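Any value given below was found using the heavy atoms of this structure, including those in side chains, with hydrogens, waters and symmetry copies removed. Here the structure is a predicted model, which is why all the values come from computation and not from measurement.
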2 protein chains.
Amino acid sequence: MYYNYWFVFSKACEYGIKATIFIAINSYDGRRVSPKEISKEIDSPTAFTAKILQDLVRHHIIKSVKGAYGGFEIDKDTISKIKLAQIVNAIDGDQIYKGCGLGLQSCNEAHPCPVHDKFKLVRDDLKFMLEHTSLEELALNITSGASFLKI
Amino acid sequence: MYYNYWFVFSKACEYGIKATIFIAINSYDGRRVSPKEISKEIDSPTAFTAKILQDLVRHHIIKSVKGAYGGFEIDKDTISKIKLAQIVNAIDGDQIYKGCGLGLQSCNEAHPCPVHDKFKLVRDDLKFMLEHTSLEELALNITSGASFLKI
DNA sequence: AGTATTTCGGATATATATATCCTATTTATG
DNA sequence: CATAAATAGGATATATATATCCGAAATACT
Ligand code: FES
Ligand code: FES
């Protein structure tokens with residue numbers, strides 16, 4: 001059997017998205033959070049999550065404050081401006097938007113793979129969805145109890 | 001950096017889809033093909049492709065004939081009945097249709113993750129596409145020169 | 001200045017997917 | 001029956017993703 005255990009996003013990306021949401025929620029209250037708190041809340045391995053947080057800092061999606069009383073935070077103003085696509089891009093790259101569904105070297109209208117036309121529709125829908133979903137709405141859905149970060 | 005190099009389908013699944021299309025094309029001409037021919041035509045590692053072919057045989061998607069003058073084939077009658085979804089299911093399983101986009105234990109309307117509503121739409125589109133794309137049309141697009149299996 | 005706290009980042013370990021190799025088994029044909 | 005040709009399948013190797021560990025650097029507070 002050649003079953004895989006994943007779909008669309010890497011584990012790193014799943015953790016990154018959930019972590020960013022949790023940081024946003026806490027930033028609304030002016031509270032910084034640590035990798036330990038985050039990983040507990042999103043049910044992820046702490047050290048691995050910390051690596052991903054570093055990556056998100058480098059991509060200027062979240063901010064880190066070193067030292068005592070430090071932690072991770074997001075500028076309140078930017079929470080509504082950050083789109084899911086930016087987080088996914090920072091961690092998984094942009095092949096998700098551009099890559100060929102059947103692994104040809106590139107997805108090319110002029111040299112399409114057998115599923116190109118149909119695959120492109122779905123892929124573009126995914127792209128549109130990611131580009132139009134804001135961190136703000138994801139965070140608000142958690143605080144309102146409409147959605148959950150774990151289990 | 002935590003970039004991944006894949007998207008949606010595993011390599012095994014990509015090879016499986018392309019191999020099945022190539023087998024279908026040859027079965028229209030009553031010709032059996034070997035893993036060597038297949039892997040050359042779809043630009044994949046031969047031995048690995050052979051493993052996937054075995055898997056497809058076990059799932060009754062293709063037929064194998066052992067011994068001299070053997071090879072892989074598909075009943076002409078079934079080519080139009082086989083859907084892309086069956087191939088994907090055989091190799092990558094059904095998590096692609098059912099799994100949570102953010103890795104929660106299960107995708108559950110009553111306990112949704114932050115992206116559930118939006119993700120479900122895209123996932124269901126993908127499911128519909130796979131279930132309504134026949135092996136026949138994929139094969140015909142190759143023979144007509146409208147699409148390609150490699151490069 | 002000293003200390004506790006916290007992120008940063010390199011090195012390493014583990015799990016999984018991908019790929020290869022070699023032998024056994026099957027079968028058409030001479 | 002012998003031989004050649006072909007798939008089946010176990011064992012093994014490699015690449016990548018995931019996960020852990022530990023010391024270095026930065027910062028708030030005393
Ligand atoms: S060429 Fe394969 S998806 Fe476009
Ligand atoms: S719960 Fe996450 S996609 Fe449905």
Side-chain angles (χ1 to χ4, degrees), chain A residues 1-19 23 26 31-40 42-74 91-93 95-96 103, chain B residues 1-19 23 26 31-40 42-74 91-93 95-96 103:
Chain A
M1 298 290 180
Y2 281 93
Y3 283 11
N4 299 297
Y5 65 102
W6 48 255
F7 172 49
V8 183
F9 303 126
S10 65
K11 280 285 161 199
C13 193
E14 288 177 6
Y15 299 156
I17 293 169
K18 290 188 278 193
I23 295 168
N26 281 278
R31 217 178 317 118
R32 290 177 189 148
V33 286
S34 67
K36 196 172 173 184
E37 283 177 87
I38 295 169
S39 59
K40 187 183 172 190
I42 70 174
D43 195 23
S44 68
T46 305
F48 189 48
T49 305
K51 292 283 188 199
I52 298 158
L53 293 171
Q54 287 178 36
D55 213 24
L56 291 170
V57 169
R58 278 190 287 269
H59 282 85
H60 307 104
I61 291 169
I62 61 178
K63 280 174 57 180
S64 70
V65 179
K66 281 183 174 182
Y69 293 83
F72 295 90
E73 63 182 14
I74 307 181
I91 301 172
D92 277 350
Q95 276 304 98
I96 199 173
Chain B
M1 296 292 181
Y2 281 92
Y3 284 12
N4 299 297
Y5 66 103
W6 48 256
F7 172 49
V8 183
F9 304 127
S10 66
K11 279 285 162 200
C13 193
E14 288 177 6
Y15 300 155
I17 292 169
K18 290 188 278 194
I23 295 167
N26 282 279
R31 216 179 317 116
R32 289 176 189 149
V33 287
S34 67
K36 196 172 173 184
E37 284 176 88
I38 296 169
S39 60
K40 187 182 173 191
I42 70 174
D43 195 25
S44 68
T46 305
F48 189 47
T49 306
K51 292 283 187 199
I52 298 157
L53 293 171
Q54 288 179 36
D55 213 25
L56 291 170
V57 169
R58 277 190 287 269
H59 282 86
H60 307 105
I61 291 169
I62 62 178
K63 279 175 57 181
S64 70
V65 178
K66 281 184 174 181
Y69 293 82
F72 295 91
E73 63 183 14
I74 307 182
I91 302 172
D92 276 350
Q95 275 306 98
I96 199 173

What's the [atom1]-[atom2] distance between [X] and [N], to the nearest Å?
| X | N | atom1 | atom2 | value |
| --- | --- | --- | --- | --- |
| A/Glu14 | D/dA19 | CD | C1' | 15 Å |
| A/Ile62 | C/dT7 | CD1 | C1' | 11 Å |
| B/Ile52 | C/dT20 | CD1 | C1' | 13 Å |
| A/Arg32 | C/dT6 | CZ | P | 11 Å |
| A/Leu56 | C/dC8 | CG | P | 11 Å |
| B/Phe48 | D/dA11 | CZ | C1' | 16 Å |
| A/Ile91 | D/dA19 | CD1 | P | 13 Å |

Distances under 3.5 Å only, N/O to N/O: pair up the protein atoms with those of nucleotides 5-9 of chain D.
residue : atom : partner : partner atom : Å
D/dA5   : N3   : B/Ala68 : N            : 3.4
D/dA6   : O4'  : B/Gly67 : O            : 3.2
D/dT7   : O3'  : B/Ser64 : OG           : 3.4
D/dA8   : OP1  : B/Ser64 : OG           : 2.7
D/dG9   : OP2  : B/Arg58 : NH1          : 3.0
D/dG9   : N7   : B/Gln54 : NE2          : 3.1

Is the closest side-chain heavy-atom distance between B/Phe48 and B/Ser39 below 4.5 Å? no
Within this structure, what is the CG-CD1 distance for the pair B/Leu56 and B/Ile62, rounded to the nearest 0.5 Å? 5.0 Å
Rounded to the nearest 0.5 angstrom, the CD-CD1 distance for A/Gln54 and A/Ile52 is 10.5 Å
Would you please confirm or rule out a distance under 4.0 Å between OP1 or OP2 of D/dA19 and any side-chain N or O of A/Tyr15? yes
Hey, does the side chain of A/Asp55 reach the backbone of A/Ile91 with a donor-acceptor pair shorter than 3.5 angstrom? no
Determine the minimum heavy-atom distance between B/Ile96 and B/Phe9, stating which atoms define it. CD1-CE2, 3.8 Å
Does B/Glu14 come within less than 4.0 Å of B/Lys11, counting only side-chain N to carboxylate O? yes
